[in-house]
Number of protein chains: 4
Amino acid sequence: MDFEYGPKVMALREKLISFMQERVLPAEPVFERQLQDDPGRWGAPPIMAELKDAAKAAGLWNLFLRQEGGQGLTNLEYAPLAELTGWSPAIAPEALNCSPPDTGNMELLTRYGTPDQRNEWLVPLLDGAIRSCFSMTEPDVASSDANNVRLEILDEGDAWVLNGRKWWSTAALREDCRVALVMGVTDPDAPVGRRHSIVLVPTDTPGMTRTRSTMVLGFDDRHEGGHGEIVFDGVRVPKENLLGPRGGGFAVAQARLGPGRIHHCMRLIGMGERAIALMTERARTRVAFGRPLADEGVVQATVADARIRLDAARLMVLRAAWRMDVDGPKAARHDIAAAKVMTPLTVKHLVDEAIQIFGGAGLSQDTPLAMLFAQARYLQIADGPDQVHRRSIARAEFASDPVLKKIG
Amino acid sequence: MDFEYGPKVMALREKLISFMQERVLPAEPVFERQLQDDPGRWGAPPIMAELKDAAKAAGLWNLFLRQEGGQGLTNLEYAPLAELTGWSPAIAPEALNCSPPDTGNMELLTRYGTPDQRNEWLVPLLDGAIRSCFSMTEPDVASSDANNVRLEILDEGDAWVLNGRKWWSTAALREDCRVALVMGVTDPDAPVGRRHSIVLVPTDTPGMTRTRSTMVLGFDDRHEGGHGEIVFDGVRVPKENLLGPRGGGFAVAQARLGPGRIHHCMRLIGMGERAIALMTERARTRVAFGRPLADEGVVQATVADARIRLDAARLMVLRAAWRMDVDGPKAARHDIAAAKVMTPLTVKHLVDEAIQIFGGAGLSQDTPLAMLFAQARYLQIADGPDQVHRRSIARAEFASDPVLKKIG
Amino acid sequence: MDFEYGPKVMALREKLISFMQERVLPAEPVFERQLQDDPGRWGAPPIMAELKDAAKAAGLWNLFLRQEGGQGLTNLEYAPLAELTGWSPAIAPEALNCSPPDTGNMELLTRYGTPDQRNEWLVPLLDGAIRSCFSMTEPDVASSDANNVRLEILDEGDAWVLNGRKWWSTAALREDCRVALVMGVTDPDAPVGRRHSIVLVPTDTPGMTRTRSTMVLGFDDRHEGGHGEIVFDGVRVPKENLLGPRGGGFAVAQARLGPGRIHHCMRLIGMGERAIALMTERARTRVAFGRPLADEGVVQATVADARIRLDAARLMVLRAAWRMDVDGPKAARHDIAAAKVMTPLTVKHLVDEAIQIFGGAGLSQDTPLAMLFAQARYLQIADGPDQVHRRSIARAEFASDPVLKKIG
Amino acid sequence: MDFEYGPKVMALREKLISFMQERVLPAEPVFERQLQDDPGRWGAPPIMAELKDAAKAAGLWNLFLRQEGGQGLTNLEYAPLAELTGWSPAIAPEALNCSPPDTGNMELLTRYGTPDQRNEWLVPLLDGAIRSCFSMTEPDVASSDANNVRLEILDEGDAWVLNGRKWWSTAALREDCRVALVMGVTDPDAPVGRRHSIVLVPTDTPGMTRTRSTMVLGFDDRHEGGHGEIVFDGVRVPKENLLGPRGGGFAVAQARLGPGRIHHCMRLIGMGERAIALMTERARTRVAFGRPLADEGVVQATVADARIRLDAARLMVLRAAWRMDVDGPKAARHDIAAAKVMTPLTVKHLVDEAIQIFGGAGLSQDTPLAMLFAQARYLQIADGPDQVHRRSIARAEFASDPVLKKIG
């Protein structure tokens with residue numbers, strides 16, 4: 001394992017630190033005020049356009065993408081940059097055109113898209129001109145078991161016709177969300193694992209209705225277009241809107257989910273860093289019972305454990321990123337799963353402790369802590385709940401031989 | 001310790017169970033819809049008035065109050081009833097005129113109010129015609145240390161003049177909130193513990209401005225009038241608005257906080273019961289990987305631990321209630337503190353586990369779990385953060401002799 | 001629930017406190033020295049005989065037994081007395097003739113013994129003249145599933161013939177252990193649950209060999225006769241040595257295990273109290289970095305949490321004892337299971353924290369903490385591992401209706 | 001950070017794996033039997049000499065030492081080898097002459113020893129011909145605060161005269177323990193931090209009495225010479241026995257403790273691996289309630305969490321080792337502290353879970369789990385208790401600037 005960074009990454013990192021300090025963090029109160037001032041709107045407030053222009057100008061654009069259109073960074077190289085964007089998760093990832101679900105969608109279009117599909121959807125996505133969503137989870141079935149996905153995609157000769165219901169389609173309600181990647185059953189009689197396919201559905205297709213957004217611990221995530229519930233009622237799209245091979249829906253989705261999970265973890269590490277920065281700042285400056293909180297043993301223990309656990313989680317994330325680069329996402333799947341279980345749990349816990357150090361302010365809108373907590377909590381469920389990842393790690397463990405065999 | 005209930009309590013409990021089943025739980029979706037339909041309004045939606053009438057008619061009114069105007073119940077007798085209201089914490093407590101901060105305010109007015117004060121404020125509060133708030137916490141100081149309270153209450157002969165800032169004044173933004181009980185410094189030169197007093201401030205007094213509400217995680221708690229931040233800028237009230245003795249603000253507040261804390265805990269137990277009911281129902285009916293979740297060992301362990309811990313927390317709450325009845329709130333303060341530390345932590349943890357069993361639905365508005373989580377989390381901070389209660393329990397422990405002394 | 005004690009119990013408690021202070025705690029170093037001085041011996045050192053005489057003289061004998069030969073105490077009444085004996089678990093229970101496995105064995109003989117069996121075994125056991133063991137667990141099968149018990153008990157007309165292997169038979173290696181209650185399969189073709197029976201086997205019966213003792217962490221528990229592994233190789237006992245009905249072995253064992261589990265928990269609460277007494281004493285007197293440990297926030301938090309959790313566990317134990325008295329052991333089985341899961345875990349955790357406060361001394365033989373830790377850890381496994389109790393609690397929860405049904 | 005290993009380390013690792021498989025693990029029962037057969041002896045049983053010869057012959061000797069006499073390995077290179085020895089912590093480290101406290105003592109003699117001192121003590125230590133102990137901790141003071149060390153070392157012209165008491169001097173009771181490195185106060189009037197020095201005391205010096213050994217959770221650690229309590233009563237050694245500069249005792253000890261802590265952690269990782277190997281093997285083969293434990297969700301979750309946390313702890317250990325190599329022990333001290341807090345806690349927890357999966361066998365001498373548990377628990381206290389390391393990490397955190405400064 002080698003976690004050293006070359007000069008290219010170090011230069012990008014310096015540039016991104018400046019961008020975060022000078023543009024993103026100062027934009028936070030403006031962003032919030034613009035959201036408040038336009039309560040009906042689903043989507044990023046006006047300042048986002050300025051930030052995107054600035055990021056493009058600074059060469060901080062599409063960092064996530066290794067292929068053409070991106071910056072050629074490996075997962076390991078992307079890690080410290082994605083981490084920095086996690087300090088301001090509502091703003092920075094989108095400002096850099098590095099926010100899910102678009103990132104995963106762009107990767108799929110890069111890898112599986114036909115020239116026409118890429119021209120129509122990938123080009124404007126890479127430019128940040130439109131947004132997209134990914135529709136896999138369904139409200140009526142346990143989506144932790146992907147085989148449960150049951151939206152029907154009928155083959156009607158020259159068209160696919162979709163019937164069913166999706167939810168947790170992040171960004172779906174945004175006005176600039178132009179296309180949904182929808183997973184459903186195209187081949188109900190095929191063997192398990194070969195029944196599902198993904199089709200591209202323009203969001204203005206008749207029969208597709210975004211009915212509402214689901215909340216996360218009280219937050220509506222309106223700035224990113226919420227988490228859409230979508231009804232598909234006889235939605236008809238041309239046959240050429242199939243993305244990737246017919247019956248290959250799971251394989252395609254998996255290719256998306258591996259990097260997606262680890263990108264989430266990278267940003268979470270940054271969220272954890274911000275929470276530590278907030279709590280140490282508070283502890284240094286707040287006086288209770290005659291001395292700064294930083295002199296309290298309980299606060300010291302809290303800060304120390306936060307630092308220890310967050311550093312450990314970061315190393316697990318870097319290990320997974322490194323393994324993906326070296327051996328590919330499939331070989332890295334248990335490393336990804338381990339990072340995906342450990343990181344949200346770690347960050348949830350430390351943000352919760354930071355809230356307790358802040359008291360009421362920690363729960364309120366006056367610090368980002370409540371939002372960071374919601375993000376971490378959400379990621380114990382999104383992209384595979386902890387339970388499912390634990391099971392796959394355990395199975396791998398049962399199937400592998402220990403280094404030493406005679407253990408008596 | 002004797003936790004047996006007599007026939008009077010058992011009859012009230014049966015009546016309240018019916019009321020919860022037939023009126024309160026069915027009102028939840030209506031309540032939510034009415035809130036959505038009137039987004040600008042700070043206060044309970046229209047259905048609340050109907051529920052209050054029904055509760056009055058059913059004899060389920062002012063159960064919290066032992067004195068005249070209430071039902072003569074001890075804390076121990078009130079416990080199982082308050083617990084039931086915790087199943088629907090946004091609706092039931094207010095429907096029964098048993099919701100904080102009014103309950104504590106009514107207790108103070110009953111105990112310390114002059115005949116005029118009682119006539120003006122207590123009578124309509126007991127009738128549910130108006131609401132009130134309690135303003136103690138301040139944004140600029142560590143309120144865990146009550147000596148930090150610094151709002152200035154100047155003695156200007158025939159009037160008190162208030163200058164300062166408060167926050168976390170629950171219900172303050174409600175249109176029917178007519179009076180604030182405000183703690184501040186009347187005697188800055190008196191010894192510590194004798195400097196503060198409480199005055200009654202009508203909410204329409206010039207100079208008193210409710211500037212905003214603080215959120216709890218992502219929730220605005222709009223139905224109960226939020227958690228108000230209030231600026232007092234030369235607010236002038238007559239001298240007779242002093243509540244209780246001058247310089248006795250802490251003693252008065254303490255008389256309010258003890259029962260208030262334990263009432264919170266009683267309701268939290270009910271919230272925990274609802275979360276267990278939700279998770280067992282989900283586990284019985286949801287199928288993943290070919291069998292109901294109830295057959296999963298991890299789910300079983302989660303449910304068992306939730307049951308064990310919640311039952312233990314309830315016993316701690318009952319012990320504190322019993323001790324308050326028998327020995328008074330002061331003697332019971334460490335029992336109250338123990339219940340106050342244990343109950344929110346227990347309920348927070350079990351609701352978090354319930355959310356994980358539900359997946360996305362658990363985080364969303366489709367179950368009450370996210371709101372229950374926020375309530376439990378809030379109560380690790382409100383009415384004294386865990387840290388402060390732990391310290392006082394530890395000090396009592398260090399000061400007391402063990403049963404056996406020669407322990408070698 | 002009514003946890004009040006009458007004057008009889010209060011008087012016994014006062015007497016027992018004196019006995020613990022004046023006789024038991026001072027005997028600890030003598031007991032330890034006598035053990036060291038006679039390294040080959042399996043059994044209580046000489047001072048135990050004096051203590052037993054003193055306990056008899058003080059009327060503190062056979063407190064556990066409700067029936068004739070005991071003191072007529074209910075489980076709830078026995079609880080505070082058993083708790084006191086837990087302060088010195090290696091000495092006090094045996095000194096009062098209240099130590100397992102004899103207590104459970106005496107209960108079985110009282111309930112199921114024939115007059116001859118009672119005369120031969122119960123009378124000397126009640127007198128403290130002999131000891132006994134209970135042989136159920138087997139080394140080759142998962143004993144958490146009692147149906148796995150497979151020792152063969154052949155019906156050879158006028159005799160039972162036993163073949164098989166047992167372990168974790170506490171006290172088996174003691175020289176004064178005169179009889180084993182052995183569970184095995186008498187009726188292999190009967191339905192599950194009706195195959196097993198219990199027979200009385202004098203320890204000098206040919207073919208019965210106590211091969212060794214298993215340790216608990218690093219402790220050999222030599223003073224109580226260890227935890228015997230026993231080989232039964234054609235062991236022949238008369239037909240009249242059957243205890244209770246043929247095929248009723250599980251029912252008989254269950255009658256023993258319910259009270260046994262809760263007695264263990266009562267003593268564990270006392271062990272927890274001793275650990276708290278030790279850690280508060282240490283914290284008051286030990287100075288590090290210029291001030292007593294008691295002034296350290298982390299120590300305060302540790303002590304407070306220990307107090308909160310131990311009090312909660314005690315209430316759970318009392319609830320189970322009360323329910324056993326009022327509704328019988330079967331109806332109380334989930335309350336017993338809850339106490340059995342919560343109490344060892346709670347005490348293990350708090351003793352571990354006490355060890356950390358002591359540092360090296362806490363790990364060593366200079367405090368009883370290491371031994372208390374081993375006791376608590378052992379009871380997460382003995383008499384049913386936590387996993388099994390959790391499962392049965394969960395199943396009860398899934399099978400029961402919540403108080404309120406419409407939970408949406 | 002670069003955790004890649006070159007061919008030299010990979011070759012040593014292969015060789016060591018074979019040695020562990022073929023020599024060490026098969027020696028475990030022999031080792032145990034030889035210990036039992038010679039109950040009075042303090043020291044390694046006879047088979048150790050054979051193993052040491054075999055290790056020397058295999059080129060697996062003094063791997064820990066970078067300097068002359070060792071193998072030139074960096075800390076990072078030593079890590080995977082030390083980890084392997086952790087699989088059998090009672091045997092492998094000593095068999096390879098890599099066991100504390102000798103390793104640290106050899107490092108000190110290498111670094112600070114005069115030619116005479118090196119000739120007399122270092123040469124035979126490097127050869128495995130004698131053993132040594134390190135005497136710092138004292139029974140009467142809180143040794144977590146090193147300034148408390150108070151053994152008196154008087155300067156009597158041509159000799160040092162020692163008076164005082166030490167404990168937790170591991171290996172002190174071994175018959176082949178020939179020298180103690182003793183820290184005490186030589187300069188009581190010097191500034192704090194300059195008062196202590198270390199002197200070499202041959203164990204046969206008059207006035208030095210090894211009075212007893214302290215146990216660890218019931219284990220006497222007799223094979224390694226226990227943990228000696230030593231009385232120094234007018235012990236006189238020549239002036240040239242001073243090790244390192246006068247008044248520089250802390251600096252010298254610190255140079256020893258940094259690597260020592262991280263070596264402990266490396267071995268702990270191996271202990272954790274053995275516990276995982278044991279629990280997965282058990283889970284695969286043990287059937288309860290009709291199916292292998294490996295099919296139980298709770299067991300799967302336990303195994304997965306064990307794997308995740310142990311991998312994370314290993315990365316933290318490697319990070320600390322790498323930093324020590326690159327930046328030196330002082331710059332790495334917070335990385336060392338983080339690994340030192342995380343690793344024992346992680347391994348303790350996972351071994352505890354492994355014990356629960358095994359049931360009674362896990363507590364007993366039939367598996368190494370109980371001993372592994374004691375090792376991990378011991379290391380939460382030895383070489384600095386968790387509390388002290390947490391405090392120093394917290395202080396570093398308060399003193400450092402976060403990556404992004406405007407965090408508002």
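All chains are named by letter (A, B, ...) in the order of the sequence lines, taking the proteins before the strands, and each is independently numbered beginning at 1.
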A.B. asks: So which part of C:Arg13 gets closer than 4.5 Å to some heavy atom of chain B, the side chain, the backbone, both or neither?
C.D. replies: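 Answer is side chain: those atoms of C:Arg13 sit under 4.5 Å from chain B.
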A.B. asks: Which one, C:Leu315, C:Val303, C:Ile393, leads in non-hydrogen pairs under 4.5 Å with chain B?
C.D. replies: C:Leu315
A.B. asks: Below 4.5 Å, heavy-atom pairs only: which of B:Ile308, B:Leu84, B:Ile17 has the largest tally toward chain C?
C.D. replies: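 Highest number of pairs under 4.5 Å: B:Ile308.
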A.B. asks: What part of B:Glu397 lies closer than 4.5 angstrom to a heavy atom of chain C: side chain, backbone, both or neither?
C.D. replies: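 Both backbone and side chain.
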A.B. asks: Would the distance check show the side chain of C:Arg284 and the main-chain N or O of B:Phe398 forming a donor-acceptor pair, the cut-off being under 3.5 Å?
C.D. replies: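 Here the side-chain-to-backbone pair exists.
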A.B. asks: Ignoring hydrogens and geometry, is there a side-chain-to-backbone donor-acceptor pair from B:His389 to B:Gly384 under 3.5 Å?
C.D. replies: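 Between the backbone of B:Gly384 and the side chain of B:His389 there is a qualifying donor-acceptor contact (under 3.5 Å).
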A.B. asks: At a 4.5 Å cut-off on heavy atoms, which part of C:Glu4 comes close to chain B: side chain, backbone, both, or neither?
C.D. replies: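 Both parts, backbone and side chain.
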A.B. asks: Please state whether the side chain, the backbone, both or neither of C:Leu318 comes within less than 4.5 Å of a heavy atom of chain B.
C.D. replies: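 Answer is neither: C:Leu318 stays 4.5 Å or more from chain B.
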A.B. asks: Check whether any side-chain N or O of B:Asp335 sits under 3.5 Å from a backbone N or O of B:Ala321 as a donor-acceptor pair, and report yes or no.
C.D. replies: no
A.B. asks: Could you check whether any side-chain N or O of C:Gln21 sits under 3.5 Å from a backbone N or O of C:Ser18, counting only pairs where one atom can act as donor and the other as acceptor?
C.D. replies: no
A.B. asks: What option among B:Val341, B:Thr302, B:Val299, B:Asp305 has the most heavy-atom pairs under 4.5 Å with chain C?
C.D. replies: B:Asp305
A.B. asks: Heavy atoms only, distances under 4.5 angstrom: which of C:Arg309, C:His334, C:Met342, C:Gln387 has the most pairs with chain B? Name it, please.
C.D. replies: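 Among the listed options, the one with the most contacts to chain B is C:Met342.
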A.B. asks: Of the backbone (N, CA, C, O) and the side chain (C-beta and beyond), which part of C:Ser392 lies under 4.5 Å from a heavy atom of chain B, both, or neither?
C.D. replies: neither
A.B. asks: Would you mind telling me which of C:Leu81, C:Leu16, C:Leu51 makes a side chain to side chain contact (heavy atoms under 4.5 Å, CB included) with C:Leu96?
C.D. replies: C:Leu16
A.B. asks: Under the rule for side-chain contact (heavy atoms from CB on, under 4.5 Å), what residues qualify as partners of B:Ala142, not counting sequence neighbours?
C.D. replies: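 For B:Ala142, the residues satisfying side-chain contact (heavy atoms from CB on, under 4.5 Å) (neighbours in sequence not counted) are A:Arg286, A:Ala288, B:Ser144, B:Asn148.
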A.B. asks: Verify whether one side chain among C:Gln300 and C:Glu296 offers a donor that lies under 3.5 Å from an acceptor in the other.
C.D. replies: no
